[in-house]
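Presented below is the structure to which this report refers.
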Number of protein chains: 2
Amino acid sequence: MAQPSAKKQRTHPQYELLYHPGIPGRGEFIRLAFEAAGVPYIDVANEQKEGYGIVQQVCMNKTTESADNNPPVFSPPALRVPGGGKDGTALVIGQTPNILWYLGERLDLVPEDEAGKYYVQQITLTALDLNNEMHDTHHPIAVMKYYEDQKEESLKKAQDVRQNRIPKFLSYFDRTRQHNEHHGSGKGKYLVGDKLTYADTTVWQVLDGCMFAFPKEMAARKEEFPQLLGDFYEAIKQESGIKEYLSSKRRMSYSMGIFRHYPELDRQ
Amino acid sequence: MAQPSAKKQRTHPQYELLYHPGIPGRGEFIRLAFEAAGVPYIDVANEQKEGYGIVQQVCMNKTTESADNNPPVFSPPALRVPGGGKDGTALVIGQTPNILWYLGERLDLVPEDEAGKYYVQQITLTALDLNNEMHDTHHPIAVMKYYEDQKEESLKKAQDVRQNRIPKFLSYFDRTRQHNEHHGSGKGKYLVGDKLTYADTTVWQVLDGCMFAFPKEMAARKEEFPQLLGDFYEAIKQESGIKEYLSSKRRMSYSMGIFRHYPELDRQ
């Protein structure tokens, strides 16, 4: 079981993250939430013998049920929560932002006020949109085909994402940060409120992935967004739980997942 | 003000939908929720003189605030709720699934149980993913360029979406429906539970848009998914509130938005 540095004394169920093994992917947004909270979770495919078989059985089957009488899941990640469902059965929920909303209050990664919870989710959904667009820079035509078979289209798509989409998203994240600095309680360190939320960890992960995929582009953008890509990005890495995680073996390298480093797609 | 057939007696704030005028778009998922619930809302850009100026000011500005001291919104749609924010101020929230979650309980469009609420959101997020992929069939390279300037790529993208993605999504929606038919209380009519939820209206809208964009493809798929694309699709159209809305002037035609009918992109 992944054993992040303990922070909370609250009792938690034995959460199970169901995701593909060996890549950060969309599972990483869930991992970062658990790690920041210091709450143990089982990363089934990475930790259990034949764990990926369980992930496939629950999240990638073609039947009318995922597991434990829950409805089907479209694709990983899913979260299984023993005792979280009807009449004490396990709850299985899919869709990354849905899982994060479920965990937000339980992991103490959202503000107390209702408005703040919706801000956190709004930012998170937007960061996950950028995550999808980053995937599409190397797979603009067909998710199941090789990059090499859609390289010409990828060159065009990546150029548009770098020139138009990334700055639009960075501007939004940075203006949100500024809003919290000027009108909220974040002092520029957090995106919402005065403590870490899953909006911070999710935006951080997408920024980190963009820096891996497009190092030249992001280095150039840092001049435009020095606080977001400098101070904010560095500060989140130092957060309790996150810091220990990033230097642990649990943090996996980017490879052939959502964020890929093809130099020809980066700024030339 | 849009005045759907009244159904609820509960007191509601004067909800404002902030979206582009003249197209169904992502605003339609919010409209369908209000209309199904019979709760009045103001469709600002379509109903108010200079309403689109308000939408642009709140949702498309480049500053650190949307309105009423709420943080920025990335892009429309947004929902403004008088009195819904901190200390009685207005709440402005962005991101379609976030708005739907906010409205779900308030409009009585989710089940009572927590698991059911997460199922509804899981299905909704997945339907909105298909919505995005449908947009990308005519804009696979750059959202700000004309279709005509990415037509070759669109032909390839649309073929993949039709052949691989649409059947995968339809299978998921139909298996969810079957799960509720066999294990839940939906009797095959609803996706979750025994009454209409925003998962039903959201999936319905995406199916309807797919039928507009790819009539031949969807007619062929109906043989594979007769209940989803037949019984379910038709039954939702007959729901109280939805039926009246669809025959009203408030229901806008598809045109140059997310769902577009380019015959060359459809099954040949």
Looking only at A/K157, A/R177, A/K86, A/Q159, most heavy-atom pairs under 4.5 Å shared with chain B are made by A/K157
Interface check, chain B: of A/I93, A/I99, A/N69, most non-hydrogen pairs under 4.5 Å belong to A/N69
How about residues 140-148 of chain A versus chain B: which residues have heavy atoms under 4.5 Å apart?
-> A/P140, A/I141, A/A142, A/V143
B/Q122 side-chain N/O to A/P72 backbone N/O, donor-acceptor pair under 3.5 Å = yes
What are the residues of residues 165-173 of chain B, in order of number, with any heavy atom under 4.5 angstrom from a heavy atom of chain A?
-> B/R165, B/K168, B/F169, B/Y172
Is chain B contacted by the side chain of [X], its backbone, both, or neither, given a heavy-atom distance below 4.5 Å?
X	answer
A/D136	side chain
A/E114	side chain
A/V81	neither

Spacing of [atom1] belonging to [X] relative to [atom2] belonging to [Y], to within rounding of 0.5 Å:
X	Y	atom1	atom2	value
A/F74	B/R175	CZ	CZ	8.5 Å
B/N70	A/H183	CG	NE2	11.0 Å
B/T96	A/L125	OG1	CG	9.0 Å

Test side-chain contact (heavy atoms from CB on, under 4.5 Å), reference A/E65, set B/H179, B/H182, B/Q178, output is B/H179
Part of B/S66 within contact of chain A (heavy atom distance under 4.5 Å) | neither
Beyond-backbone contact of A/W101 with B/N98, side-chain heavy atoms, under 4.5 angstrom = yes
Chain A interface, residue from B/D129, B/T124, B/T176, B/T126 that has the most non-hydrogen pairs under 4.5 Å = B/T126
Highest number of heavy-atom pairs under 4.5 Å with chain A: which of B/Q121, B/Q150, B/E152?
-> B/Q121
Answer yes or no: are there more than 12 heavy-atom neighbours, outside [X] itself, under 6.0 Å from its atom [atom1]?
X	atom1	answer
B/Q163	CD	yes
A/E264	CD	yes
B/K195	NZ	yes

